[in-house]
Asks: 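Have a look at this one before I ask anything.
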Amino acid sequence: MFTGIIEEVGTVAEMTRGRQDSGGARLVVRAKNALNGSSRLQEGESIAVNGVCLTARAITAETFSADLSPETLERSSLRGLRAGSRVNLERAMTPSTRFGGHVVQGHVDGVGKLVALDPLPDGNYWLSVDVPAEIEKYIVWKGSIALDGMSLTVARLDGCRVGVAIIPHTYENTNLPGLRQGDPINIECDVLAKYAEKLLAAMGPPAAAQAKSRGQSSVTLEKLIEEGF
């Protein structure tokens, strides 16, 4: 699990596709902070690359590699990476890690498109992203959203277009300076919205309406346990 607070920006050293178009790929990333210090990345540990949870392999003093499955290539923007691409990196959180962002699983819900990154006074920016229609229902005004692994707050929601404010620190310490209009962006919605949708669907309209008419909550301890919470 991650928090959406980017640790550093890495650079793709190599992106090798499999022999078949439907196969996977091997990604090699150059990094500094993640590979140094007492808590440096270890083989087999998770690391988020542009918001996608990957397993680190073949770690050297300057690089780590990760295998990309066909599923990952199909459902994320990683398929478009090439040598020189800048990527957001975050190692998995630990029990002692500050929880500065929100719950980010590294499981991409869809790929959006950068509409604009407009400069504002004092080094701030306004980022506009079009999101796939099928995941718009999970996004709410002032809610959390992960864009390329960055934990951000939805400041404007107009249909399938999301607007977020970018402060100078975020702009300077992520892959945002290298993005251009039309570039793909990995999107992960707040997982709580998906749990809530499943729970409400399992209860069914009659049960929810009946509880509401009695002035009671239709969410009970028994129902939460039954649904696996």
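Nothing fancy with the numbering, it's 1 onward along the sequence.
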Asks: Once you round to the nearest 0.5 Å, how far does CZ of Arg75 lie from OG of Ser69?
Replies: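 OG of Ser69 is found 10.5 Å from CZ of Arg75.
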Asks: Minimum heavy-atom separation for Arg79 and Glu74, please, with both atom names.
Replies: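 Minimum heavy-atom separation between Arg79 and Glu74: NH1-O, 3.0 Å.
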Asks: Assess whether a salt bridge exists between Glu7 and Arg91, defined as any Lys/Arg side-chain N lying under 4.0 Å from an Asp/Glu carboxylate O.
Replies: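 Salt bridge present between Glu7 and Arg91.
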Asks: Treating Thr11 as the side-chain partner and Arg30 as the backbone partner, does any N or O pair qualify as donor plus acceptor under 3.5 Å?
Replies: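 No, the answer is negative, given that no donor and acceptor are paired below the 3.5 Å cut-off.
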Asks: Could you check whether any side-chain heavy atom of Leu35 comes within less than 4.5 Å of a side-chain heavy atom of Thr60, counting everything from C-beta outward?
Replies: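 In short, these two side chains do not touch, never coming nearer than 4.5 Å.
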Asks: Determine yes or no for a side-chain-to-main-chain donor-acceptor pair under 3.5 angstrom, with Trp126 supplying the side chain and Val164 the backbone.
Replies: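 The answer is no, because no donor-acceptor pair under 3.5 Å joins these two groups.
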Asks: Measure the shortest side-chain to side-chain distance between Val12 and Leu27 over non-hydrogen atoms and say whether it is less than 4.5 angstrom.
Replies: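 The answer is yes; the side chains approach within 4.5 Å.
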Asks: Examine Val49 and Met15 and state if one hydrophobic cluster contains both, with Ile, Leu, Val, Met, Phe, Trp and Tyr joined whenever side-chain heavy atoms are less than 4.5 Å apart.
Replies: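 Yes.
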Asks: Do Leu78 and Leu54 come close enough that some side-chain heavy atom pair is under 4.5 Å?
Replies: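 With C-beta onward as the side chain, the pair touches.
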Asks: Distance-only, no hydrogens or angles: does the Thr170 side chain make a donor-acceptor pair with backbone N or O of Ile166 under 3.5 Å?
Replies: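 Not confirmed, Thr170 side chain does not pair with Ile166 backbone.
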Asks: Are Asn186 and Leu147 close enough that some pair of their side-chain heavy atoms sits under 4.5 Å apart?
Replies: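 They are not in side-chain contact.
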Asks: Calculate, to the nearest 0.5 Å, the distance between atoms CD1 and NZ belonging to Ile187 and Lys113 respectively.
Replies: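 Rounded to the nearest 0.5 Å, the CD1-NZ separation comes out at 12.0 Å.
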Asks: First locate atom CG of Leu117, then atom CG of Leu176, and finally report the distance between them rounded to the nearest 0.5 Å.
Replies: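 Rounded to the nearest 0.5 Å, the CG-CG separation comes to 6.0 Å.
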Asks: Is the backbone of Phe2 close enough, under 3.5 Å, to the side chain of Glu90 for a donor and an acceptor to pair up by distance?
Replies: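 Checking the backbone N and O of Phe2 against the side chain of Glu90, no donor-acceptor pair under 3.5 Å is found.
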Asks: Locate the shortest heavy-atom distance separating Gly178 from Asp183; write the atom from each residue and the value.
Replies: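 Taking Gly178 first and Asp183 second, the nearest heavy atoms are O-OD2, 4.2 Å.
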Asks: So does Val87 get a backbone contact from the side chain of Asn50, meaning a donor-acceptor N/O pair under 3.5 Å?
Replies: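 Judged by distance alone, no pair lies under 3.5 Å.
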Asks: Nearest 0.5 Å please: distance from the SG atom of Cys53 over to the CD atom of Gln105.
Replies: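 These two atoms lie 9.5 Å from each other.
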Asks: Would you say Val111 ends up clustered with Val115 if hydrophobic residues are merged whenever their side chains have heavy atoms under 4.5 Å apart, either directly or through other cluster members?
Replies: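 Per the 4.5 Å side-chain linkage, Val115 and Val111 are not co-clustered.
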Asks: Between Glu45 and Ala92 (side chain of the first, backbone of the second, donor and acceptor by atom type, cut-off under 3.5 Å), is there such a pair?
Replies: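 Side chain of Glu45 to backbone of Ala92, a donor-acceptor pair under 3.5 Å: no, none is there.
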Asks: Does the Asp190 side chain pair with the main chain of Leu192, one donor and one acceptor, at a distance under 3.5 Å?
Replies: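 Present.
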Asks: Work out which heavy atom in Cys189 is nearest to a heavy atom in Ile135; give both atom names and the distance.
Replies: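 The pair with the smallest heavy-atom distance is SG-O, 3.9 Å.
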Asks: How long is the gap from SG on Cys160 to CG on Asp130, to the nearest 0.5 Å?
Replies: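 Output value for this atom pair is 7.5 Å.
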Asks: Give me the atom names and distance for the closest heavy-atom approach of Val104 to Gly4.
Replies: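 So the two residues come closest at CG2-N, 3.8 Å.
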Asks: Is the backbone of Asp109 close enough, under 3.5 Å, to the side chain of Glu188 for a donor and an acceptor to pair up by distance?
Replies: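 No: the side chain of Glu188 does not pair with the backbone of Asp109.
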Asks: In Å and rounded to the nearest 0.5 Å, what is the NZ to CG distance from Lys142 to Leu157?
Replies: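 Answer for the NZ-CG pair, Lys142 versus Leu157, is 12.0 Å.
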Asks: When you compare the side chain of Ile6 with that of Leu89, does any pair of heavy atoms fall below 4.5 Å?
Replies: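 When only atoms from C-beta onward are counted, Ile6 and Leu89 do not touch, as no gap falls below 4.5 Å.
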